[in-house]
Amino acid sequence: MGKEPDINHRIWQVVALIPAGRVATYGDVAHMADLPGAARRVGAALRVLPSGSKVPWHRVINAQGRLSLPEGSDGYYTQRERLEAEGVLFSVKNTINLRQFRLSRGR
DNA sequence: AATGTGACTACCC
DNA sequence: AGGGTAGCCACAT
């Protein structure tokens, strides 16, 4: 079984490892899922996540510390509310301080 | 096989 | 600082 039957599943599994109150970038998740450079693929996997799933997709943000969902969309506010409920702070410019909340890689 | 897409990134002005 | 651009990767047509 050298071939992965379901990349999405592997990505979701990695996302499930992000603890509450912390975030990871799409690039981080791609790297952790053994798909270095495939950050966009991570977004695609989250996009098709079944609603009602327990996977904490809201903890995945972009490398600029911003939410990638269109500002003003339902998804944007859902993500933001969930993060704030977990204690993740947003600056007045709607950015998250990665130094403080990003899950460190490696170590 | 070729082309188009995107919840991304790193660079370059 | 902020917007434009060109890579990038796996998928869908």
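Protein chains get the first letters and strands the later ones, always in sequence-line order, with residue 1 at the start of each.
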Note to self: Going by side-chain hydrogen bond (donor to acceptor under 3.5 Å, both in side chains), name the pairs with one or both residues in residues 11-24 of chain A, residues two or more places apart or in two chains.
What the structure shows: none

Item checked: Footprint string (nucleotides 1-13 of chain B, 5' to 3'): B base within contact, S backbone only, - free, heavy atoms under 4.0 Å -> -----BBBSS---

Any chance you could measure [X], atom [atom1], to [Y], atom [atom2], to the nearest 0.5 Å?
X       : Y       : atom1 : atom2 : result
A/Met32 : A/Ile11 : CE    : CD1   : 11.5 Å
A/Asn62 : A/Leu67 : CG    : CG    : 7.5 Å
A/Gln79 : A/Leu69 : CD    : CG    : 5.0 Å
A/Arg47 : A/Ser68 : CZ    : OG    : 13.5 Å
A/Leu83 : A/Ile61 : CG    : CD1   : 7.5 Å

Check: What residue pairs, at least two apart or across chains, pass salt bridge (Lys or Arg N to Asp or Glu O under 4.0 Å) with a residue in residues 49-67 of chain A?
Finding: A/Arg59-A/Glu86

Check: How far apart are the closest heavy atoms of A/Ala30 and A/Ala39, and which atoms are they?
Finding: CB-N, 3.9 Å

Notebook entry, point to check: For the residue pair A/Ala63 and A/Thr25, what are the closest heavy atoms and their distance?
Noted result: CA-CG2, 3.9 Å

Checklist line | Close approaches to DNA chain B from residues 81-89 of chain A, in residue order (heavy atom, under 4.0 Å) | finding: none

Please output the side-chain donor-acceptor pairs of residues 88-97 of chain A that fall under 3.5 Å, not counting sequence neighbours, one pair per line with the distance.
{"from": "A/Ser91", "atom 1": "OG", "to": "A/Lys93", "atom 2": "N", "distance (Å)": "3.1"}
{"from": "A/Ser91", "atom 1": "OG", "to": "A/Thr95", "atom 2": "N", "distance (Å)": "3.2"}
{"from": "A/Ser91", "atom 1": "OG", "to": "A/Thr95", "atom 2": "O", "distance (Å)": "3.4"}
{"from": "A/Ser91", "atom 1": "OG", "to": "A/Thr95", "atom 2": "OG1", "distance (Å)": "2.8"}
{"from": "A/Asn94", "atom 1": "OD1", "to": "A/Arg80", "atom 2": "NH1", "distance (Å)": "2.8"}
{"from": "A/Asn94", "atom 1": "ND2", "to": "A/Glu71", "atom 2": "OE2", "distance (Å)": "3.2"}
{"from": "A/Asn97", "atom 1": "OD1", "to": "A/Arg99", "atom 2": "N", "distance (Å)": "2.8"}
{"from": "A/Asn97", "atom 1": "OD1", "to": "A/Gln100", "atom 2": "N", "distance (Å)": "3.2"}

Next item on the list: Identify whether any heavy atom of A/Leu67 sits under 4.0 Å from a base atom; if not, whether one sits that close to sugar-phosphate; answer base, sugar-phosphate or nothing.
Entry: nothing

Check: Taking 5' to 3' order, which nucleotide of DNA chain C is first and which is last to have an atom within less than 4.0 Å of a heavy atom in chain A?
Finding: C/dG2 to C/dC11

